[in-house]
Amino acid sequence: QVQLVESGGGLVQAGGSLRVSCAASGRTFSSYVMAWFRQPPGKEHEFVAAIFWSGGSTYYADSVKGRFTISRDNAKNTVYLQMNSLKPEDTAVYYCAARYRARLTSLPHEYDSWGQGTQVTVSS
């Protein structure tokens, strides 16, 4: 399995931007599908975005499409989530997750490794 550590969360005003990062260690990072999920207060995990191991294909939740961008740097073993035009409803703990040599999916139970999460709070 791969070990994941998120960073970059914080407090931002509505309409602002924030970038969160996820650093990976362990097995070959470039063989993993990487994804971001979030858990708003009192709610279940929800899918945000995923990126194929080569970076050539991405997949977004409708709620963030056009505002968020997932990217990866395989040389740095890092995946990023650039979040623009943030809304109060984007407030959540953001988690990165990894899935070894598989297709893109939005289903949390199909991911093998998870980070500890980073809090993103958007004030109105």
Side-chain angles (χ1 to χ4, degrees):
Q1 287 191 342
V2 63
Q3 289 75 48
L4 305 172
V5 179
E6 300 95 335
S7 62
L11 174 64
V12 63
Q13 289 189 333
S17 298
L18 199 63
R19 188 178 80 163
V20 290
S21 303
C22 174
S25 61
R27 296 181 67 180
T28 306
F29 176 73
S30 60
S31 297
Y32 283 83
V33 167
M34 300 298 298
W36 287 95
F37 289 82
R38 65 187 183 187
Q39 187 172 23
K43 297 185 178 181
E44 299 292 321
H45 280 84
E46 59 185 45
F47 172 74
V48 176
I51 187 166
F52 199 55
W53 55 270
S54 66
S57 182
T58 56
Y59 177 31
Y60 293 93
D62 288 343
S63 59
V64 306
K65 202 173 294 183
R67 299 189 299 123
F68 291 11
T69 302
I70 188 171
S71 62
R72 66 190 297 160
D73 186 338
N74 286 344
K76 294 183 178 180
N77 284 8
T78 302
V79 62
Y80 306 97
L81 184 68
Q82 177 67 44
M83 302 181 287
N84 299 328
S85 302
L86 282 160
K87 305 174 181 179
E89 51 264 43
D90 294 318
T91 294
V93 178
Y94 282 72
Y95 298 88
C96 69
R99 188 174 186 226
Y100 185 64
R101 289 191 174 184
R103 60 179 178 84
L104 297 179
T105 178
S106 62
L107 301 176
H109 68 268
E110 297 200 357
Y111 286 84
D112 309 307
S113 302
W114 291 78
Q116 84 290 347
T118 186
Q119 176 70 48
V120 172
T121 302
V122 184
S123 63
S124 57

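Numbers for residues simply follow the sequence, beginning at 1. All of these numbers come straight from a predicted model, not from anything done at the bench.
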Decide whether a cation-pi geometry holds between R72 and F29; the criteria are a distance under 6.0 Å from NZ or CZ to the six-membered ring centre and an angle within 45° of the ring axis.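 Positive - R72 is close enough to the ring of F29 and near enough to its axis.
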Which residues share a side chain to side chain contact (heavy atoms under 4.5 Å, CB included) with [X], sequence neighbours left out:
X	answer
E110	R99, R103, T105, L107
E44	none
A97	F37, Y111, W114

Do Y95 and Q39 have side-chain heavy atoms sitting under 4.5 Å apart?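 Answer yes - side chains close enough.
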[X] versus [Y], closest heavy-atom pair with distance:
X	Y	value
L104	I51	CD2-C, 3.5 Å
A24	L4	CB-CD2, 3.7 Å
T91	V122	OG1-N, 2.9 Å
A14	P88	CB-CD, 4.1 Å
A49	L81	CB-CD1, 4.4 Å

Tell me whether [X] contacts the main-chain N or O of [Y] through its side chain, where contact means a donor paired with an acceptor under 3.5 Å.
X	Y	value
T78	A23	no
S113	V2	yes
E6	Q116	yes

Listed partners of [X] passing side chain to side chain donor-acceptor pair (under 3.5 Å), at least two apart:
X	result
S31	none
E89	none
Q82	N84

Can you list every pair that meets salt bridge (charged side-chain N to carboxylate O under 4.0 Å, His left out) and has a residue in residues 48-64, with sequence neighbours left out?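 Of all non-adjacent pairs touching residues 48-64, those that pass salt bridge (charged side-chain N to carboxylate O under 4.0 Å, His left out) are D62-K65.
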Measuring from [X]:[atom1] to [Y]:[atom2], what's the distance to the nearest 0.5 Å?
X	Y	atom1	atom2	result
L11	Q119	CG	CD	9.5 Å
Y94	S21	OH	OG	14.0 Å
S30	N77	OG	CG	8.0 Å

So with a 6.0 Å cut-off around CD of Q13, is the heavy-atom count from everything else above 12?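 No, not enclosed.
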Can you list the residues that meet the salt bridge (Lys or Arg N to Asp or Glu O under 4.0 Å) rule with [X], with sequence neighbours excluded?
X	value
K43	none
E46	R38
R67	D90

Worked verdict on W36 versus V20 for side chain to side chain contact (heavy atoms under 4.5 Å, CB included): CA-CA 10 Å; W36 287 95; V20 290; 3.7 Å; yes
If you look only at pairs with a residue in residues 48-76, which of them pass as a ring-ring contact (aromatic ring centres under 6.0 Å, His included), with sequence neighbours excluded?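 Qualifying pairs, neighbours excluded: F47-Y59.
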Show every disulfide bond (SG atoms under 2.5 Å apart) that has at least one partner inside residues 79-124, sequence neighbours left out.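 Residue pairs with at least one partner in residues 79-124: C22-C96.
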